[in-house]
Amino acid sequence: MKVVLDMDPGIDDAMALLLTLNNSRLEILAVTTVSGNVNVDKATLNALKIIEAAGGRCGQAPVYRGAGRPLNKRRHPVYSEDIHGRNGLGNVDPSPRLRAKEEKTSAVDKLVELLSSHKKKEISIVATGPLTNIAMLLQREPSAAKKLNQLYIMGGIYDNGLTKGNVTKHAEFNFFCDPEAAKIVIDNAERKGLSIIASGLDITSTSACAIRNDELGMICSIRSKIADIACKILQYPLRNYSFFNLHDVFALFSLLYPEIFRTQRCRVRVYTSGRHRGKCVVSYGNGNVQVNRQVNSVRFNKYLLDGLA
Ligand code: RIB
Ligand code: CA
């Protein structure tokens, strides 16, 4: 499967990147970066560092810098260095003597180029940061909605207020950072044929899938190059919090293991302003957004450990 990862690494993004690098079923055409957990300079550097640290066949993935700020120029970037550390990888440097360089092409230019040089429905995107790059692609190339195979996102909350947001009580971080981009992407699913599978905070905060000290101990005992990187970057959040949710791994596992999720089709409306900024209002039963509602946590955890071995 040909895939593009669009991300704001960020520790959970980095975990999804490590699992992708280590999975022979996936061919990474591009890693595109976006401002989110950290600024886009750090996100781009972190993607390069994780890929180089993974090394060997795993260390083959070109990195393209994307948007450094939200679509709406009046908005300032929002970061979450409190959770991910100042450098975005738990203040760990996985590649102290980094040799790799980012590509010269911008993220959106590369996405346009990839879609024009591949057959329809050949490429899927796993987007685990604010959706700025994806929205810019859809604005520039309206045909992208139908050319893409699937867009797997981590973002939003889809249980109409049962799960509280992690920025405001209404909003999840990726949708809060760039609500205009989230609205454009969701509206493309509703009206332009874009096929989206969304994992929101309501499912990604499933307690049985969270990393606690026991799970960290299991990851650190795997002793593979990939698992050793994961072991190092997860130390920081688990020193500061009793658990850490691998939100972005849900978006990747929606692509790799769809059978472990129960999904529902729904119609989603994204708020972009005021105190409801980034909020999703959902009506189930029809609509064109597929939402992951439940996960088989035993299978999720097994695939996580197997994927790091
Ligand atoms: O709300 C969780 C999301 O915001 C995750 O993608 C995390 O990496 C941050 O980007
Ligand atoms: Ca992310």
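Computed over heavy atoms, backbone and side chain alike; hydrogens, waters and symmetry mates excluded. Bear in mind the structure is a predicted one, so any value in this text is a computation, not a measurement. Whatever order the structure lists them in is the order used to number ligands and atoms, beginning at 1.
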Legend entry - NZ/NE/NH1/NH2 to OD/OE distance under 4.0 Å, Lys192 and Asp187: no

Inset, instruction - Please indicate whether Arg265 has more than 12 foreign heavy atoms, meaning atoms of other residues, nucleotides or ligands, lying under 6.0 Å from its CZ. - result: yes

Legend entry - Greater than 12 external heavy atoms within 6.0 Å of Tyr257's OH: yes

Legend entry - Donor-acceptor under 3.5 Å (His84 side chain, Ser80 main chain): no

Legend entry - Protein residues that have a heavy atom under 4.0 Å from any atom of ligand 1, sorted by chain and number: Asp8, Asp12, Asp13, Asn37, Thr128, Met154, Asn166, Glu172, Phe173, Asn174, His247, Asp248

Legend entry - Under 3.5 Å: donor-acceptor pair, side chain of Asn133, backbone of Ala67: yes

Inset, instruction - Mind listing the protein N/O/S atoms less than 3.0 Å away from the Ca ion (ligand 2)? Waters don't count. - result: Asp8 OD1, Asp13 OD1, Asp13 OD2, Thr128 O, Asp248 OD2

Legend entry - Pairs where residues 180-262 contributes a residue and the test disulfide bond (SG atoms under 2.5 Å apart) is met, not counting sequence neighbours: Cys220-Cys231

Legend entry - Sole candidate of Asp8, Asn46, Thr128, Asn174 that passes side chain to side chain donor-acceptor pair (under 3.5 Å) when paired with Asn37: Asp8

Inset, instruction - Taking atom types as modelled, find out whether Thr132 and Asp178 have a side-chain donor-acceptor pair closer than 3.5 angstrom. - result: yes

Inset, instruction - Scan residues 149-175 for pairs that pass ring pair (Phe, Tyr, Trp, His ring centres under 6.0 Å), counting only residues two or more places apart or in two chains. - result: His170-His276

